Amino acid sequence: EDRRSSTAPDEDDTLQSENFDPSSYINDRLKNVRMGDEARKLQSIRTELSGINQASSEMLRNNVFQNFEQFIDAAKEISHVEQEVYQLSALLTEQRSLIESLMQMTTDDKASVHTASSSSTFNSAANTTQLLLTKIDGIAPILNSMKANEKVVLHSEVTLLDPDTKQRRQRSYLVLLPDRLLVATQSQPGKFSFESTFNLNSIAAVNVKDRESGGGDSAGLVLKLLVFPDQRYYRCDTVRLKQQWLDEIEAAKRAMLREGGLQRQATIRGRRRTVKEVAGSITGLSTIRDSMIEEDEQEQETDEATLAWLAEVPAELDVCLAHKDLDQAVDLIREWKEYRGKDASVDTQMVLRENQVVKLLSDSVRLPAGAHGGPKAMTRARTLLASLGRGTYAVDLYLQRRSTMLRNAYKDVTVTEEPLTHVRALCALYSTAAADILNDFGTEPAHFCQVLQFCSKEMSTLLTLVRKHVIEVVPTMKILSRTWTILSKVCDDMTAFGAQLTFEMHRLLSPAVAEALEDNFARLIHTFRLRMEEERWIGTTVESEAALARLCEEFSDLDLRIDWAISGPTSLHISNHVLEASRQAYYLAADLAELRSSPLGVQCDDYMQQVWTELLSCLTGADQAPESHAYSTNFILTQVLPSCQGRYYDEGEEPLTRLLEDQFEELLKFVIPSKGDEEDEEEVASC
């Protein structure tokens, strides 16, 4: 065998070599074999090669399983990283919007408080105007005609590129105002001449991809201005500056669109108000006749203005949809509905566009990409849908998406060796999601029925997971009682938010817990009986004095004393079977106490009565035995029974004491009042 193990690596190399010849290998192995032993040697070689084959197969299978587990772990980590990247992107976008809004604050927002910051803002605007007047010739008339509340949105030097070759033509200067874009070309170093102005409604800013920008230094720095029928390419100095131009032009166009709609609405409402005021202030028959004619003329003019505005609404709505400005699109639809029926063709177009807006908002809630902004992003879409008269539909979509997110979160929870940790993790996910939704809809009683249905449905899912992963897998008394306590706490928390779901837990979980309790109790009673059948009423002996001290300390943690029954350095008068039965009775009372307030309380009461009836029967049925029986019985009756009765039953209830007095009266002689360790030992021994 030693010689075989020393040559094993050489044989492995031989078997794995590319030039391996089975015939030569067998001949070499049989070279020194005596005549007549060839068959036995061949059988030995075959057995050896079969062992090598099995070992190789087992190693290959283990490698496959290990690689598959690593692949699963890596896939989960990638999924977590993707979610974090989406969340980080949403946070960065929100932060950038906040910073930009803070940077664009003007002195008008704090006109009543003359602070140093407002003065600084005013000086900054004045300095910007002075700089532009100095650098650009011919721009003074435009800047001087600006209103008091208008300001220069953005300005910078850029490089004009050739549309075909993307080569540099000349330096230019762009100035963005609230309603127009000014373009100036370089006349001499550091000086520019005003060239042209473009209304923001007639231009569009487009980002140019790297492959279209000509490569080189221009990669990622070029933007394109579409000025019908031409197009211009400008190269910015930095990527950040290019992004600022794209964002600011887009924001300015949206602001113009919103302001134009508000002005038209204000004009229409003002004309109607004027008509009503004139009609109310007229007196006299002749004057009334003239006023009626004037009123009809003004109403006709108002209707004409309304029809003219309605004719433009579909185009304005298309612009909003192109820019993904769903807030403004919803406002336009709501304004159109106030005049619905005045123009059938406009109504037909608006109905189609309204359905398109509803689809976009629904997708932002329903599709997985809509959840990357978090629940707040979905809440915004739900609010817009509700403003279009689709409140119930919006809430259904929102709750369905939240349900999908919650169930995906359940899948990410790893089933560990600690069942209670798994239960707490699942309950934490459910409680967080349900509490968030209940808080959101706390001021919307019209949809609270849908919210309750969501909470009940998700509670059913939670209980199903707990039943499959915990109750059916680890159905111990402790796990069952602690799981029930954790779930009851979740139901109490939901009740505080206005959702009473305790009945749902009782309905769905009680049958499974009752069945598991019955199986546990049957095994416990069977163990009791086997143990007591083997009882010979011999005291307990341990290995050492230290082991005896640990045993006394263990029972002391259960509020049970056994030091008074010590009979020697390493022995007790109490039997080992009685000690073990005491532990089980104590833990059974503690576990069932957590379930007594549930619908399983009656079943738990029966279990307590049965286990103590069985235990006391074993003590009664014992033959007249040595003092170990007296010590064991005294320990059970004076310490274990009162302790279990106090832990399980309410204060003042003593059913176990009544059971002892009514059915096991002969055991009362072993109940010795505590007077001291030495006196107790003497009196127990006399029994």
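For this chain, numbers begin at 1 and follow the sequence in order. As the structure is a prediction and not an experimental result, all values here were calculated from the model.
For the residue pair Q645/S643, the side-chain donor-acceptor check at 3.5 Å is not satisfied. A donor-acceptor pair shorter than 3.5 Å can be found between the side chains of Q450 and H447. Side chain to side chain, S387 and R334 fail the donor-acceptor criterion of an N or O pair below 3.5 Å. Between the side chains of S575 and Y631, not a single donor N or O lies within less than 3.5 Å of an accepting N or O.
A salt bridge links D605 with R596: at least one charged nitrogen is closer than 4.0 Å to a carboxylate oxygen. Here D519 does not pair with R523 in a salt bridge; the nearest charged N to carboxylate O distance is not below 4.0 Å. Salt-bridge formation is detected for the pair E354/R390: a Lys NZ or Arg NE/NH1/NH2 atom is positioned less than 4.0 Å from an Asp or Glu carboxylate oxygen. R550 has no carboxylate O lying under 4.0 Å from a charged side-chain N of E553, or vice versa, which leaves the two without a salt bridge. Taking the charged nitrogens against the carboxylate oxygens, E458 and R402 have no contact shorter than 4.0 Å, which rules out a salt bridge.
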Test side-chain contact (heavy atoms from CB on, under 4.5 Å) on L326 and C320; report intermediate values, then the result. CA-CA 7 Å; L326 298 181; C320 293; over 6 Å; no
List the steps and the verdict of side-chain contact (heavy atoms from CB on, under 4.5 Å) for Q584 and F528. CA-CA 9 Å; Q584 291 185 350; F528 264 26; 3.0 Å; yes
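A distance-only check finds a donor-acceptor pair linking the side chain of N520 to the backbone of P475 [under 3.5 Å].
More than 12 heavy atoms of other shown residues, nucleotides or ligands fall within 6.0 angstrom of atom CD in Q609. Counting non-hydrogen atoms of other residues, nucleotides and ligands closer than 6.0 Å to CD of E515 gives a total of 12 or fewer. Counted within 6.0 Å of NZ on K359, heavy atoms from surrounding residues, nucleotides or ligands total 12 or fewer; the atom is thus considered open.
Note: L641 CG to L656 CG = 5.0 Å, rounded to the nearest 0.5 Å.
Contact between Y430 and L501 at its shortest, heavy atoms only, is OH-CD1, 3.2 Å. When all heavy atoms are compared, the tightest approach of T461 to R407 is OG1-NH2, 3.2 Å. Shortest non-hydrogen contact noted between L572 and I562 is CD2-O, 3.6 Å.
Each salt bridge (Lys or Arg N to Asp or Glu O under 4.0 Å) pair with one or both residues in residues 584-593, not counting sequence neighbours, would appear here, but there are none.
Ring centroids of W484 and H506 are separated by less than 6.0 Å, placing the two rings close together.
E661 is linked by a side chain to side chain donor-acceptor pair (under 3.5 Å) to nothing, counting only residues two or more places apart in sequence or in another chain. Judged as a side chain to side chain contact (heavy atoms under 4.5 Å, CB included), and not counting sequence neighbours, the contacts of D247 are R96, E100, Q243.
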